[in-house]
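Encoded as structure tokens, the structure appears first; notes follow it.
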Protein chains: 2
Amino acid sequence: MKTVAKAKTRTVDRPTYHVGHLDTLLLDAARAMLEEVGPAKLSLRAVSARIGVSPAAAYHHFDSRASLLGHLAAQGFRELAVAVEERAATAAPGSLLREAALAYFRFACRNPCLYQLMFGPEFIGDESAVGLADARTRSFTLVQAVIAKDSGLEPGSGGARSAALAGWVLGHGLASLTIQGRLERPEGLTDDQLVDRALQGFAILFGSSGVSGPA
Amino acid sequence: MKTVAKAKTRTVDRPTYHVGHLDTLLLDAARAMLEEVGPAKLSLRAVSARIGVSPAAAYHHFDSRASLLGHLAAQGFRELAVAVEERAATAAPGSLLREAALAYFRFACRNPCLYQLMFGPEFIGDESAVGLADARTRSFTLVQAVIAKDSGLEPGSGGARSAALAGWVLGHGLASLTIQGRLERPEGLTDDQLVDRALQGFAILFGSSGVSGPA
DNA sequence: ACCTGAACACCGTTCAAGT
DNA sequence: ACCTGAACACCGTTCAAGT
């Protein structure tokens with residue numbers, strides 16, 4: 001409780017001024033409100049009010065609303081990477097693609113607004129958040145590694161990169177369409193079933209299941 | 001010019017009041033501004049000002065900003081469908097998937113903000129725009145038809161629907177990631193090359209290489 | 001160093017009132 | 001019927017001023 005020893009004037013406790021670590025308080029409040037109202041309507045004023053601080057206070061910790069949102073997005077990329085990583089670690093080789101896709105898709109479904117923020121235009125022009133570019137690159141590198149591992153391709157080769165691109169497109173396409181409700185999903189279809197269906201579709205389009213075979 | 005014959009009072013021309021078809025004027029102005037400022041910052045006030053009309057005027061033609069945006073999105077879905085349709089019509093069987101993907105991707109790249117609007121959360125809650133649901137359904141149906149045609153699947157069958165899902169995911173995933181700049185695209189790579197690369201990646205992931213790619 | 005109050009230039013939306 | 005003016009309740013952002 002006795003936080004600062006160097007308090008040389010006044011009473012020890014000052015409950016009127018909000019003390020330190022306002023940045024994390026802001027971030028936490030924003031994260032909580034994000035899933036309530038969505039990325040577009042998340043206002044700096046509202047999150048400031050939520051933690052009982054003036055609207056201007058945030059500007060001592062973040063450059064702008066976009067910057068705050070950028071930090072949130074970076075958090076998201078880190079969590080997404082972890083989720084995929086964990087799942088990929090305990091997956092049987094051969095089913096790695098499916099497991100990674102499942103983990104990716106579940107993360108998006110469980111944090112729809114955060115996911116929208118990560119891949120949406122909301123915090124464009126930020127990029128200042130050092131963590132963002134890193135976290136994003138790390139996510140992509142991870143996908144690449146998972147894909148390369150399962151397909152037995154030389155990591156870094158052209159094939160591995162094309163495959164990683166495809167994997168990323170698959171995960172994001174499905175997640176994005178689902179979250180935005182643009183899919184005409186048959187009712188009663190679980191998340192896992194939807195992923196399997198998409199994988200099945202790709203197998204039909206690109207596989208040996210009778211598409212291209214001249215046989 | 002002499003629009004109304006029943007003008008029984010006053011002078012025939014009234015250049016001070018903005019006359020009729022304000023709805024299409026609004027829509028056109030919004031469409032133009034959309035690609036300038038993006039869906040998030042497209043304000044009803046600004047488009048009203050652009051055509052020299054009061055901010056409140058728009059509410060006699062649209063329920064809300066979301067509704068205006070919904071109409072714009074519907075326009076987009078119709079244009080997208082046309083673009084894919086045209087391309088698909090003049091494509092050699094076997095390369096239909098690639099041609100459709102190219103058309104889809106190009107439309108998105110040429111109208112990035114419109115595309116973002118169509119698949120973004122900006123006009124959620126609208127749905128009132130009758131044209132929207134229709135236009136969207138029509139787009140999806142078209143993709144389904146194209147896919148089914150090329151893969152030789154029974155239209156309406158489970159396989160055809162899975163394949164259509166995959167096709168949709170492919171197109172949207174690639175377009176969305178590209179437009180949002182989340183892709184680490186090697187410089188100098190053209191749109192077409194990017195599409196081919198993704199197709200190649202899918203071919204690697206899901207089976208035989210070289211389904212419909214070039215050589 | 002950290003936060004507040006007040007202001008500025010914007011929003012979407014409503015509603016009485018004008019023509 | 002169609003449009004305006006003025007108002008309400010919001011925004012993001014800045015900046016002098018307080019502690």
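We name chains A, B, ... by the order of the sequence lines, and we start the count at 1 in each one. Keep in mind that this is a model prediction, so the values were computed, not measured.
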By nearest-heavy-atom nucleotide on DNA chain C, the more 5' of B:His60 and B:Arg65 is B:Arg65

Whichever of A:His61 and B:Arg45 has the more 5' nearest nucleotide on DNA chain C, that residue is A:His61

In whole Å, I'd like the distance from the [atom1] atom of [X] to the [atom2] atom of [N].
X       : N      : atom1 : atom2 : answer
A:Leu44 : C:dC10 : CG    : C1'   : 16 Å
B:Leu25 : D:dC3  : CG    : C1'   : 14 Å
A:Asp63 : D:dT13 : CG    : P     : 10 Å
B:Phe62 : C:dG12 : CZ    : P     : 14 Å
B:Leu68 : C:dC11 : CG    : C1'   : 15 Å
A:Leu22 : D:dT19 : CG    : P     : 19 Å
B:Tyr59 : C:dA16 : OH    : P     : 17 Å

- Summary of salt bridge (charged side-chain N to carboxylate O under 4.0 Å, His left out) pairs that have at least one residue in residues 48-62 of chain B, sequence neighbours excluded: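 Matches after skipping sequence neighbours: B:Glu36-B:Arg50.
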
Got a salt bridge between [X] and [Y], using NZ or NE/NH1/NH2 to carboxylate O under 4.0 Å?
X        : Y        : answer
A:Arg78  : A:Asp134 : no
A:Glu79  : A:Arg31  : yes
B:Arg138 : B:Glu85  : yes

Quiz item: When the ring planes of A:Tyr104 and A:Trp168 are compared, do they come out parallel, tilted or perpendicular, using 30° and 60° as the limits?
Solution: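 The arrangement is perpendicular - the two ring planes meet at more than 60°.
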
Its dot-bracket string being built from Watson-Crick and G-U pairs below 3.5 Å, with | for another strand and [ ] for crossing, DNA chain D has the pattern ||.|||||...|||||.||

Open item on the list: Taking any heavy-atom pair under 4.0 Å as a contact, classify A:Ser54: base, sugar-phosphate, or nothing.
Closed with: base

inquiry  = Please pick, from C:dT13, D:dG5, C:dG5, the nucleotide with the shortest atom-to-atom distance to any side-chain atom of B:Ala56.
reply    =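 Of the options given, the side chain of B:Ala56 lies nearest D:dG5.
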
| query | Roughly how far, to the nearest 0.5 Å, is the OH atom of B:Tyr115 from the NE2 atom of B:His172? | reply |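 Taking NE2 in B:His172 and OH in B:Tyr115, the distance rounds to 5.0 Å.
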
- prompt: Is there a salt bridge (Lys or Arg N to Asp or Glu O under 4.0 Å) between A:Asp192 and A:Arg98 once you walk through the steps?
  reply: CA-CA 10 Å; A:Asp192 291 28; A:Arg98 178 171 180 271; 5.1 Å; no

